[in-house]
Structures are given as structure tokens and as C-alpha cells.
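Keep in mind it's a predicted model, so treat the numbers as computed, not measured.
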Amino acid sequence: MINELKKLTVIIVSAFLLSVSLNFFLIPASVFASGFTGVSQLLATLLPLSTGVILFLLNVPVAIVGWLKIGKSFTVYSFLNVVFTTFFLEIVPVTNYSSDILLNAVFGGVIAAIGAGITLKVGASTGGIDIIVLILSRLSDRPVGIYFFLLNGIIVIASGFLFDPEKALYTLVTLYVTSRVIDAIHTRHVKLTAMIVTKKPEELRQAIHEKITRGITRLPAKGGYLADEKEVLMTVITRYELYDLKHVIDSVDPEAFTNIVETAGIYGLFRKE
């Protein structure tokens, strides 16, 4: 229950940050929106439908894919994020704090990225294009920011043809800042190798497997000072799993020595789900 309340709180904060990004920075500067909002704006200029209706229609098939490919909880919380974002967009007034378009583009992108990043970190999203990006990131094991930038780049090109090319360039700045900040927050793609020197290899192996679904390689070892028998448990995890691993080690063998190094690449079987 505490975890669910924490997740809901993060989603509400994220929705508020996204609304602030739009109403305080991007909308006053007339910088084109990213994600499905931007796609809906583009299609609304070509089709006899409102932006809201198109946005809803675009999210329906994506929500179904997210339900099947990512998870029910993820989809439900993503939908809640969309609902809260819509609510805050209605109550937060559109205010122009700066006449500098570049400042608006940068700060709007940073705030939006913080909102999207913390949502992805707790296992949800801001809906729409986020779900597509997360699926692509899992399939290729690449950073989510790359896909945010590439997919939103299509919006920039289209907006440049249909609207003001200069505003499209400022939108590109916003998208670049957003993608970089999201990658700094959402680090599931970062892999770590943990080498644990312990005198309780079997107990620790069992405890790790109960908490984390990762393979472990056991290597015989001998202490250099006391010449006592030990084992080295070597495993590769994501940065998200580091907290759980540390907790398990501390609870089973507080005297274990653990070396954590960042992994440059992985070849072979590695669970991405």
C-alpha cells in the first residue's frame, strides 16, 4: 500500500510538472508540443476533428499495446497520469514569464523531462508516445531518450513544413533537452556488474534469487591475508536493481565485500523485462 501511494504521489507531481512546463513556458512561447499532443495538433490541421478527440483516438490502441506488452499496472497508472495532467492544464493559468523563446524552450523541456522521467522511474508513463518509446527501448536495450528524440523529430519536421520553421527549430531544442534529462533520470538501460566476496555463498545466492531474477556465477576464492576460503558471486544487474541487491547483501552477510563496476556491453542471455 505504501508503494502504491508513493507511485500515485509521483504521478500527481509529474502531471503538475508537465502542466507547468506547457502553461508557463512552451504554450506562451508558441513552441510546438511534443509527443502525441504534437501529433494531434498536426492531424487537427488536416482532419475535421478536434485535437482532444484525435489525442484520445491515438491513445486507445497504444494503451492496448501497453496493457499487453508492458503490464496492466503500467497502463492504469499511465492513464491516471493523463487524467491528472488534463486536470492541472485546466486549473494552472497560462502565464508568460519570459519573452525569450530559447529560455522558454530549454526550461520547458527540462521541467517536462523531470515529470516524464520520475514517472518512468516508478513504473508508469505520461501516456501516448512514452509507451511506444518504452517498448522500443526494451526490445533494443537502448536509452529511452534516443527514441523520444527520433519520434518527436518527426513532429519537428512536419511542423516546419506546416507552420513556422523557426518555431520548429526551437521545438527541436526542447526535444533535445528533454531526451537528455530523461536519460539522466531513467537509467534502466545502464548495466552494472557486481562481484561479491562472501563466506556465505549459498545463503546469499538463494536470497538474491528470491529478490532479483538474475543469473549468478560462483567463483572459488581465498583471502589474501588470512588465507580463508571464500566465494565470489558475480552477477550483472540494471542500475534499478542495485538498491535491492545492496539490501539483500546487508541482510544476509554484512561483512561481504562488494565491487560494483559499470558494464560497457553484454553478449548472451540477459532478461530485459
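- For Thr9 (side chain) and Leu5 (main-chain N/O), a donor-acceptor pair under 3.5 Å exists by modelled atom type.
- Between the Ser14 side chain and the Val10 main chain, no donor and acceptor come within less than 3.5 Å of each other.
- Taking each heavy atom of Pro201 and Glu231 in turn, the nearest pair found is CB-OE1, 3.3 Å.
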Might you work through the side-chain contact (heavy atoms from CB on, under 4.5 Å) test for Phe16 and Val20, ending with a clear yes or no?
-> CA-CA 6 Å; Phe16 179 74; Val20 167; 3.7 Å; yes
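- Under a 4.0 Å N-O distance rule, the pair Lys191/Glu262 does not qualify as a salt bridge.
- Residue His209 places its NE2 atom among more than 12 non-hydrogen atoms of other residues, nucleotides or ligands, all under 6.0 Å distant.
- Contact check for Arg214 versus Val236: no side-chain heavy atoms found under the 4.5 Å cut-off.
- Scanning all heavy atoms of the two residues, the minimum distance from Pro28 to Val94 falls at CG-CG1, 3.9 Å.
- Under a 3.5 Å cut-off, the side chain of Thr235 and the backbone N or O of Ala194 do not form any donor-acceptor pair.
- By the criterion of side-chain heavy atoms lying less than 4.5 angstrom apart, applied directly or through intervening Ile, Leu, Val, Met, Phe, Trp or Tyr residues, Leu17 is grouped together with Ile91 in one hydrophobic cluster.
- The neighbour count for Phe88 CZ, taken as heavy atoms of other residues, nucleotides or ligands under 6.0 Å away, is above 12.
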Do Thr217 and Leu219 pass the side-chain contact (heavy atoms from CB on, under 4.5 Å) test, and can you show the C-alpha distance, the side-chain angles, and the key distance before you say yes or no?
-> CA-CA 7 Å; Thr217 300; Leu219 306 172; 4.0 Å; yes
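- Ring geometry for Phe24 against Tyr97 counts as perpendicular: the plane angle is over 60°, on a 0 to 90° scale with 30° as the lower cut.
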Passes side-chain contact (heavy atoms from CB on, under 4.5 Å), Gln206 versus Lys200? Steps please.
-> CA-CA 10 Å; Gln206 184 176 354; Lys200 302 178 180 179; over 6 Å; no
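- Looking at Asn23, its side chain does come within 3.5 Å of a backbone N or O of Val92 through a donor-acceptor pair.
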Output, in order, the C-alpha distance, side-chain angles, deciding distance and verdict of side-chain contact (heavy atoms from CB on, under 4.5 Å) for Ile196 and Asp253.
-> CA-CA 10 Å; Ile196 310 160; Asp253 186 7; over 6 Å; no
